[in-house]
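A quick note: this is a predicted structure, and the numbers were derived from the prediction, not measured.
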Amino acid sequence: MNAIRFVFFIAIAILTLNSCTTVIDAKLDTGPIQLSVDGTLTDQPGQQTIRLTQTAAYFDNSQPTPATSATVSVSDDTGKTYLFSDPDNDGYYVWQPTGKDTLGHIGRTYQLTVAYQGDTYRASSKMNRLPPIDSIIFVKRKLNPLSKNEGYRAEFYAVDIPGGVDYYRIRFFRNGELQNKPANITTSQDGGFRGANTVTDGLTFIAPIRRSVNPDSLYAMNDVVKVELQSLTADAFDFWQALRTQITNGGLFATPSVNVPTNIINTNATGRKATGFFITSAIRSKTAAVVDANIRVRAD
């Protein structure tokens, strides 16, 4: 009898909780449409691309509308100007090199200028230094202590350049495919975490940063891993940090969404604002395969 009563009370409780559920249809004000800039220029050979789109409503999951018919140029502090065009009218503005010319050079400062629908927007960014990646090794591991699945954990080695504060972003590719989940956005200050530059300046990147180049599953034999190190300015570092926070912000303890910082400024203080970020990054990369020659035996 007690068991029957217990089941009855549980059923009543569930029905009561369900009856208290209210579906809220959030009505958000639609703000003005703004220009959004997605541009990362590098010191690598080949064409460079800046994407321009228009912002959309918060709950609009459709592809962003291209911002076409804009005039886009980039100039550096030596007086050279690079003109970008949108040949396919799809919002991707491209600079094509002539011969072996490259756009990006370490130490130079670049200014982006975008003229769009009567407004002129500008942003600037310096292409900072960065060290080479010395090597990539692999260590055999279980996916977790309770798992029977085994594979290989990657670890790259690089040494921070001594003197000054340097900011980096780390990306990695598995068999040619960029691993671009939000959790894979990794940034570093002086090869360590932010605020620790007096400890890590000029030293080998710390273990959590070195091991950040691993997917959810471990690597398998003969997988090819490419690690890419990018230099950042301090404000670009803050941008990537804020972006990761926003796109991984969920669950029970999620905080209210806020605007990610931007360095795109309308030259007319009363004109329409813009979103996005203009970044210049030098790039150094290293590629290694999971083969016997690159596998190490480690106790940790």
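Checked by atom type, the side-chain pair Gln241/Thr187 shows a donor-acceptor distance below 3.5 Å. Of the N and O atoms on the side chains of Ser36 and Thr275, at least one donor lies less than 3.5 Å from an acceptor on the other residue.
Of the possible polar contacts, one joining the Ser147 side chain to the Asn149 backbone as a donor-acceptor pair under 3.5 Å is found. No side-chain donor-acceptor contact under 3.5 Å links Arg171 to the backbone of Val227. For Gln179 (side chain) and Asn184 (main-chain N/O), no donor-acceptor pair under 3.5 Å exists by modelled atom type. Formation of a donor-acceptor pair under 3.5 Å by the Gln34 side chain with backbone atoms of Arg272 is not found in this model. Of the possible donor and acceptor atoms, none in the side chain of Asp223 sits under 3.5 Å from a partner among the backbone N and O of Val290. The main-chain N or O of Gly91 is found under 3.5 Å from a side-chain atom of Asp86 such that the two form a donor-acceptor pair. No side-chain donor-acceptor contact under 3.5 Å links Asn266 to the backbone of Ala274. Between the Asn214 side chain and the Arg153 main chain, no donor and acceptor come within less than 3.5 Å of each other. Checking side-chain atoms of Ser125 against main-chain N and O of Thr280 turns up a donor-acceptor pair under 3.5 Å. The backbone N or O of Gly192 sits nowhere less than 3.5 Å from a side-chain atom of Asp190 that would complete a donor-acceptor pair.
Note that the OG1 atom of Thr200 and the CD atom of Gln189 stand 7.0 Å from one another [nearest 0.5 Å]. Annotation: the span from Ile279 atom CD1 to Arg169 atom CZ amounts to 7.5 Å, rounded to 0.5 Å. Rounding to the nearest 0.5 angstrom, the gap separating the OG1 atom in Thr42 from the CD1 atom in Ile283 is 4.5 Å. Taking CZ of Phe84 as the start and CG of Leu112 as the end, the distance is 8.0 Å to the nearest 0.5 Å. Once rounded to the nearest 0.5 Å, the distance linking CG of Asp76 with OG1 of Thr81 reads 7.5 Å. Note: Ser69 OG to Leu52 CG = 11.0 Å, rounded to the nearest 0.5 Å.
Between Ala158 and Pro132, the shortest heavy-atom contact is CB-O, 3.6 Å. Considering every non-hydrogen atom in both Leu143 and Ser217, the closest pair reads CD1-CA, 4.1 Å. Across all non-hydrogen atoms, the minimal contact from Gly202 to Val159 is O-CG1, 3.6 Å. Nearest heavy-atom pair, Arg174 versus Pro215, reported as atom, atom and distance to 0.1 Å: NH1-CG, 3.4 Å. Between His105 and Tyr110 the shortest heavy-atom distance is N-OH, 2.8 Å. For the residue pair Tyr92 and Pro87, the shortest heavy atom distance occurs at O-CD, 4.2 Å.
Put simply, Ile264 and Tyr116 are part of the same group of oily side chains (I, L, V, M, F, W, Y) that touch within less than 4.5 Å, one to the next. Using a 4.5 Å cut-off between side-chain heavy atoms of Ile, Leu, Val, Met, Phe, Trp and Tyr, with links allowed through other members, Trp240 and Ile247 fall into the same hydrophobic cluster. Residues Val224 and Ile133 fall into different hydrophobic clusters, defined by Ile, Leu, Val, Met, Phe, Trp and Tyr side chains chained together at heavy-atom separations under 4.5 Å. Val291 and Val139 are not part of a single hydrophobic cluster, where members link through side-chain heavy atoms under 4.5 Å apart. Side-chain heavy atoms closer than 4.5 Å link hydrophobic residues (I, L, V, M, F, W, Y) into clusters, and following such links, possibly through other members, connects Tyr82 to Val72.
Residues Ser188 and Ile170 form a side-chain contact, since some pair of their non-hydrogen atoms from C-beta on lies under 4.5 Å apart. Counting heavy atoms from C-beta on, the side chains of Lys80 and Asp101 come closer than 4.5 Å. When side chains are defined from C-beta on, Ser281 does not count as touching Leu130, because their heavy atoms never get closer than 4.5 Å. At a threshold of 4.5 Å between non-hydrogen side-chain atoms, the residues Asp166 and Asp160 count as touching. Side-chain contact between Ile50 and Leu41: present, with at least one pair of heavy atoms (C-beta onward) separated by less than 4.5 Å. Between Arg194 and Asp238, the closest side-chain pair of non-hydrogen atoms falls below 4.5 Å. A 4.5 Å side-chain heavy-atom check between Asn294 and Tyr152 finds every atom pair outside the cut-off.
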Legend entry - Residues Val297, Lys140; criterion side chain to side chain contact (heavy atoms under 4.5 Å, CB included); working and verdict: CA-CA 7 Å; Val297 177; Lys140 194 169 187 178; over 6 Å; no

Inset, instruction - Begin from the C-alpha positions of Val114 and Leu35 and carry the test side chain to side chain contact (heavy atoms under 4.5 Å, CB included) through to its verdict. - result: CA-CA 10 Å; Val114 177; Leu35 176 69; 4.0 Å; yes

Inset, instruction - Check the pair Ile209 / Phe156 against side chain to side chain contact (heavy atoms under 4.5 Å, CB included), numbers first and verdict last. - result: CA-CA 9 Å; Ile209 302 298; Phe156 78 92; 4.3 Å; yes

Inset, instruction - Evaluate side chain to side chain contact (heavy atoms under 4.5 Å, CB included) for Tyr157 paired with Lys286, printing each intermediate quantity in order. - result: CA-CA 10 Å; Tyr157 282 83; Lys286 191 85 173 180; over 6 Å; no

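Note: Tyr219 and Phe172 have perpendicular aromatic rings, judged against thresholds of 30 and 60 degrees for the angle between ring planes. Tyr167 and Phe237 have tilted rings, their planes meeting at an angle from 30° to 60° on a 0 to 90° scale.
Taking the centre of each ring, Tyr168 and Phe205 come in below the 6.0 Å mark.
In this structure, Asp43 does not pair ionically with Arg108, as no charged nitrogen and carboxylate oxygen lie closer than 4.0 Å. Contact check on Asp235 versus Lys126 returns no salt bridge, with no Lys/Arg side-chain nitrogen under 4.0 Å from an Asp/Glu carboxylate oxygen.
More than 12 heavy-atom neighbours from other residues, nucleotides or ligands sit within 6.0 angstrom of CD on Gln47.
Taking a 4.5 Å side-chain heavy-atom cut-off between Ile, Leu, Val, Met, Phe, Trp and Tyr, the cluster of Leu178 extends to Phe173.
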